[in-house]
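Here is the structure we will look at.
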Amino acid sequence: MFKAHQSNKAAAINPLKMSQPLGGALALLGIDSCLPCFHGSQGCTAFGLVLMVRHFREAIPLQTTAMDQVQTILGGYDNLEAAVLTMYERNKPEVIGVCSTGLTETKGEDMRGALTIFRKKHPEVAEKCNLVFINTPDFTGGIEDGFANTVTAVIDAMVEPASVKVSNRVNVLAGSHLTPGDVEEIRDLIEGFGLTPVILPDLSTSLGGRQPDDFTATTLGGVTAAEIKGMGAAVLTLAIGEHMRKPAEALELKTGVPFKLFDRLVGLEAVDAFITTLSGLSDRPVPARVRRQREHLVDGMLDGHFYFSRKRVAVALEPDLLYAYCGFLQEMGCEVTAAVAPTQSAILEKIRAWSLLVGDHEDFETLSRGADLVVSNSHARMSVSRSGAPLVRAGFPTFDRLGAGHRVVVGYRGTRDLLFEIGNIFLANDHEHSIQDWGLEGTTEGHHGGSHAKA
Amino acid sequence: MLVDKVQEVFNEPGCATNQDKSAKERKKGCTKSLKPGAAAGGCAFDGAKIALQPIADAAHLVHGPIACEGNSWDNRGSKSSHSQLYRTGFTTDLSELDVIHGAEKKLFKAIKEIVLKYDPPAVFVYQTCVPALIGDDIEAVCKFAADKLGKPIIPVNAPGFVGSKNLGNKLGGETLLDHVIGTREPEYTTPYDINIIGEYNLAGEFWQVKPLLDKMGVRILSMISGDGKYNEVASAHRAKVNMLVCSQALVNVARKMEERYGIPYFEGSFYGVSDMSDTLRNIAKLLVGRGAPNDLIARTETIITEEEARAWRRLAPYKDRLTGKRVLLFTGGVKSWSMVTALEGAGLEIIGTSVKKSTKEDKERLKKIKGEEFHMWEDLKPRDIAAMLRDAKADIMLSGGRSQFIALKAKVPWLDVNQERHVAFAGYEGIVALVEEIDKTLSNPIWRQVRLPAPWDAPAPALGETAAE
Ligand code: SF4
């Protein structure tokens, strides 16, 4: 497999990477009536929870098996069992998802084996509640990996093969780089063709900002367990993001539903490919509304390209989002001077940038020197406060802006809005000419001399 | 050994809760065993980092896989007036290979890189669960690195799984006692030298207090640890008086400094008018007791009279607007009774408060002020809080970020009074700011709007009304 150059420092400085279990929790939050849990010590859950609360500005259900030192050494099955029982008894969720952590993985705990034992010991719980146990060690991979592993585990544990197909049903595997707003936009596009999507996971209905009548300790909204079970009845799976390849393959293996992978949904041609697929699949013409949206995007490209040409942009994001942003910016005429990802991924091979690195925010700060624009998560605010470059906040976490969950960059509309947002920054920062700008060769000194003399 | 250290912290005689316990109870420690599947709260590493990271010119290196630092850096509101190095997130980001082969060498290399690149006065190295489990000896590595690099490299041995955030606070304090305090001499001393212990300068709130101390002529020898400087903390043992903020978190530091260096301490708070005044009085009294000139007391009283009058003058306009408004108070680190008296002074009615983190003494005090009827909750489930808010028993809830959505989703005004808050609430300035925030929040016009049902959910209008249109 392709491997991007990796920063070889002993210390990560201002990390860009976040842990696998966090990605796992994020995936589980898009399933209705679910309780995600980390099998580890309580601190891991607390940190993950705080980070997601800051980003989504929503209550986040996330539990812990609360391992302490002694229990870790003795083995964590008892805690795992106790946690699942407590969660089930107190909240009666439809799904309980448990992600392992560095702690339990170091002890080499067998999540699969644990599930088998639990099922045997507590059939009454296992029958009523869908249990998904996932291996997500902190010391390998990152958010995307944890997210993909969890979606795969959910498919393995819950989807059932179907004998009858529903002709207008499609599955969507929505990667971790998509915001609840993005997912909503994707659903809208699909439904515009008379198709019915089952989206796994569906953050748009759970983390978009709910107004519940009552307090709930589980997720509220998201794809339901019944819908997940029925995914085998779809005619096609649309996998969004390279890291959704693995779950898509698992789904195909289990149900025979073929998949089509879209490595991004940002940019004119990328969206064209998606719309063409939907049109072909539904055998319907593209709705007038979507045609208008495409026109508006093309118009925006014509109006905006002046400000993008040859601009130097540095981007540091999770791999699939990194690819989406870099691709779009290049298609608008920008130079991507630096592309930094927190973890390795097959998608990195497709990224064209002056330098491409698996590294941290410190590497990114060095590589992004002189850039006209920086695109990254909120942690980049520190480095841009030193460099003075404008920062477009994208990805996870975005904790110092409102509406992180509703940022839409997919589809014609999302691309158009992104184009305007970035174009306006370039436009606002455009250099205004002064009389000094065009001194003849050798005479620039004279001009400067003049002003020095005055001072 | 870490086990001994933890036991020692559990035995802390300065801790008021401990004084009421039997020897056997004490040994069990203050952390109740957590219930798997129904637990919440930070780990010991989190607590140690909270206590030490505000030492702003030091580098803080977390030895562990990415979960510990990658998910948590850049999330604390402690402010610094000098170096910003403490905000940089350093971690050894352990990989699978490191876990298999041990990561002591990597840790040393990481320390060396940081020292060469940033040249901090010291590096704090935090142990976490995974390297503790595989047996990485951070104390040995730190000692080796300190010798090689000629700098204090300080092991903070508080891996998450030994206990709660609270325990971690204390282990952080022990680290300072064992490795930092008393290792340097201050350039000079004065009869007015004090240390402030347990204040983290969240949202820069200590800067609301400092001008008062300046005016008294008190010198802050070291801050432990908000806006702190490493070398100042190292020379803290030469202070005349210690002030311990927010009772329990770092009581071990204050008590052991008294034992070792004969520095008397008092517990004080910066929250609320009368508490702030008591604190200033205590500082003056103890300093005079240790040889500072007598006129400090009179000078302090003058400042208190002036500042109190000014604060009450500024609070007066709110009184009419806020009288009778009912407040639910859920504070973490901030002492409940101190906030209670302060808010009541502004006309608010406190209908109940959490006492999960309060000492027995605090609770007695609350009872005395508020009477037996007053609600004090040890542990209230989110569901119960939600029910209480729904029944409109409170006009506003003050709490930490964790519970904000319980209030907001019930469409009840809410204000952050814990760690992540952006508004500074300390001193005479702070109480005015807090009341102003409450008033702003309560009078915001959104509350009526967001409580309106969607038109399609509203009960159908009576026939006559439709006809009238
Ligand atoms: S519990 Fe352990 S592994 Fe988890 S964040 Fe705390 S120190 Fe790190």
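Here is the naming used below: chain letters follow the sequence lines, and residue numbers restart at 1 for every chain.
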Of the backbone (N, CA, C, O) and the side chain (C-beta and beyond), which part of Glu58(A) lies under 4.5 Å from a heavy atom of chain B, both, or neither? both
Most contacts with chain A, counted as non-hydrogen pairs under 4.5 angstrom, among Gly89(B), Cys43(B), Cys68(B), Pro65(B): Gly89(B)
With a 3.5 Å cut-off and no angle check, do the side chains of Asp363(A) and Thr366(A) form a donor-acceptor pair? no
Heavy atom to heavy atom, less than 4.5 Å: which residues from residues 123-130 of chain B reach chain A? Cys129(B), Val130(B)
Thr136(A) side chain to Asn149(A) side chain, donor-acceptor N/O pair below 3.5 angstrom: no
Contacting region of Asp213(A) [heavy-atom separation from chain B under 4.5 Å]: backbone
Derivation of the side-chain contact (heavy atoms from CB on, under 4.5 Å) call for Ile406(B) and Phe330(B): CA-CA 12 Å; Ile406(B) 303 173; Phe330(B) 292 97; over 6 Å; no
Mind running side chain to side chain donor-acceptor pair (under 3.5 Å) on Thr64(A) and Gln42(A) for me, showing each step along the way? CA-CA 6 Å; Thr64(A) 172; Gln42(A) 60 165 345; over 6 Å; no
Residue Met18(A) versus chain B: region with a heavy atom under 4.5 Å: both
Looking at Gly43(A), Ala46(A), Ser19(A), which has the largest count of heavy-atom pairs under 4.5 Å with chain B? Ser19(A)
Is it the side chain or the backbone of Lys411(B) that comes within 4.5 Å of chain A heavy atoms, both, or neither? side chain
Which answer fits Leu49(A), side chain, backbone, both or neither, if we ask what part of it has an atom under 4.5 Å from a heavy atom of chain B? side chain
Chain A: which of Leu133(B), Leu97(B), Val62(B) shares the most heavy-atom pairs with it under 4.5 Å? Leu133(B)
With a 3.5 Å distance limit and no angle check, can you tell me whether Thr101(A) reaches the backbone of His39(A) through a side-chain donor-acceptor pair? yes
So which of Ala410(B), Ser95(B), Gly160(B) has the biggest tally of heavy-atom pairs under 4.5 Å with chain A? Ser95(B)
For Ile13(A), is it the side chain, the backbone, both, or neither that has a heavy atom closer than 4.5 Å to a heavy atom of chain B? both
Between Asn169(B) and Lys165(B), is there a side-chain donor-acceptor contact under 3.5 Å, judged purely by atom types and distance? no
Check side-chain hydrogen bond (donor to acceptor under 3.5 Å, both in side chains) between Ser378(A) and all other residues, then give those that pass, not counting sequence neighbours. Asp400(A)
Side chain, backbone, both or neither: which part of Gln84(B) has an atom under 4.5 Å from a heavy atom of chain A? neither
Could you verify whether a donor N or O on one side chain and an acceptor N or O on the other, from Glu96(B) and Thr140(A), lie under 3.5 Å apart? no
Chain A shares the most heavy-atom pairs under 4.5 Å, among Asp93(B), Thr91(B), Thr92(B), with Thr91(B)
Look at the rings of Phe364(A) and His361(A) and say which category their plane angle falls in: under 30° parallel, 30 to 60° tilted, over 60° perpendicular. perpendicular
Could you check which of Lys106(B), Arg87(B), Lys109(B), Glu69(B) has the highest count of heavy-atom pairs closer than 4.5 Å to chain A? Arg87(B)
For the candidates Leu51(A), Asp68(A), Leu35(A), Leu103(A), which exhibits the highest count of non-hydrogen atom pairs separated by less than 4.5 Å from chain B? Leu103(A)
